[in-house]
Amino acid sequence: MWEDLPLFPESASSLSGEVDALYVFLIAVSAFFALLICALVVGFTFKYRRRPGNERASRIEGSLALELAWTLIPLAITMVIFVWGARLYFALSLAPEDCLEIQVIGKQWMWKLQHPQGQREINELHIPLGRPVRLTMTSEDVIHSFFVPAFRTKMDVLPNRYSSVWFEPTRTGRYHLFCAEYCGTKHSEMIGTVHVLEPHEYERWLRGAVAGEAPAEAGRRLYEAQRCDTCHFAGPEARGPVLAGLFGRRVQLADGSTVVVDENHLRESIVAPNARLTAGWQAIMPTYAGLLREEEILQLLAYIKSLPAPEVEPRNGDGR
Ligand code: CUA
């Protein structure tokens with residue numbers, strides 16, 4: 001519907017239509033009230049213009065009906081905006097299961113992306129049609145923002161933590177990727193292209209692209225090289241929790257609170273292990289801040305997430 005308007009981007013994801021509908025609704029409400037207020041201002045200047053003679057304005061004592069109307073009508077409209085916006089926000093935030101997981105690292109001034117099978121891309125992203133894609137993103141330096149207008153997807157990319165966003169492309173084609181956060185001299189050159197391919201074309205592209213080591217495989221090597229397994233294992237001698245099956249679980253912390261083990265919690269546990277210590281374990285893990293690159297931390301996370309949950313419930317987070 002909007003394709004012919006040069007200022008409106010293409011609509012190419014499963015949620016872009018809903019984002020547009022809310023946007024148009026907001027514009028319509030704003031335009032309606034702007035015009036209403038303009039009309040009333042003009043109308044009242046004529047209605048209450050100065051008359052000949054010594055006419056005095058009459059005193060207005062107030063009107064309950066009027067007060068209720070201009071309170072309840074805006075309340076109803078803003079509640080519509082709130083509920084609609086909140087539902088859409090949750091839909092945009094909560095990625096479905098079985099997403100294609102892509103790792104994104106922003107740096108001055110390029111986008112580095114990696115596929116789960118190991119293929120790397122810079123400033124380009126090839127994805128298949130009709131499959132939800134989830135990006136786990138971090139930055140090596142300053143704040144960037146991953147912006148694909150055709151998908152109505154924009155998410156800040158921050159140093160020292162992960163942000164994530166998902167989308168499901170609904171049309172094949174090439175779409176602009178922008179950095180939408182001013183990040184230095186060449187911010188405007190931090191651009192790229194998202195290629196949405198038919199699934200069989202995507203398979204062909206995957207085979208043709210130079211496949212590096214898969215992140216989970218590189219993570220396994222790192223896990224062994226850094227000797228994570230000397231502390232993290234099952235048994236009475238263990239000095240840290242078993243990591244297999246930990247991802248996505250809720251664990252208790254030393255201060256009594258609980259946290260769901262997600263990417264950000266695992267990342268913090270690697271670079272600042274004692275900041276949020278799991279209950280029942282001693283603060284003996286050294287920090288790996290500065291020893292691991294962002295890419296390596298992402299690889300470790302991919303490996304930890306890939307570990308199958310053990311059959312016997314490990315003693316994570318209980319006292320010992
Ligand atoms: Cu990166 Cu602007």
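Both counts, for ligands and for their atoms, begin at 1 and track the order of listing. When a residue number appears, it is its place in the shown sequence, counting from 1.
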### Atoms (protein N, O or S; no water) under 2.8 Å from atom 1 (Cu) of ligand 1
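For atom 1 (Cu) of ligand 1, protein nitrogen, oxygen or sulfur atoms under 2.8 Å: 4.
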
### Task
Would you confirm whether the ring centroid of His144 sits within less than 6.0 angstrom of the ring centroid of Phe146?
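No, ring centres 6.0 Å or more apart.
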
#### Entry: Neighbour count above 12 (heavy atom, 6.0 Å) for Arg174 CZ
no

#### Entry: Non-hydrogen side-chain atoms of Thr193 and Asn123 separated by less than 4.5 Å
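No; the side chains remain at least 4.5 Å from each other.
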
### Message
A side-chain contact here means heavy atoms from C-beta on lying under 4.5 Å apart; do Trp111 and Ile191 qualify?
### Response
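A side-chain contact is absent here, since even the closest heavy-atom pair is not under 4.5 Å.
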
### Message
Quick one about Gln103 and His115 (side-chain donor to acceptor, distance below 3.5 Å, no hydrogens or angles considered), yes or no?
### Response
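Side-chain D/A pair, His115 to Gln103: absent.
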
### Task
With rounding to the nearest 0.5 Å, note down the distance linking CH2 in Trp205 to CG in Leu197.
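The CH2 atom of Trp205 sits 8.5 Å away from the CG atom of Leu197.
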
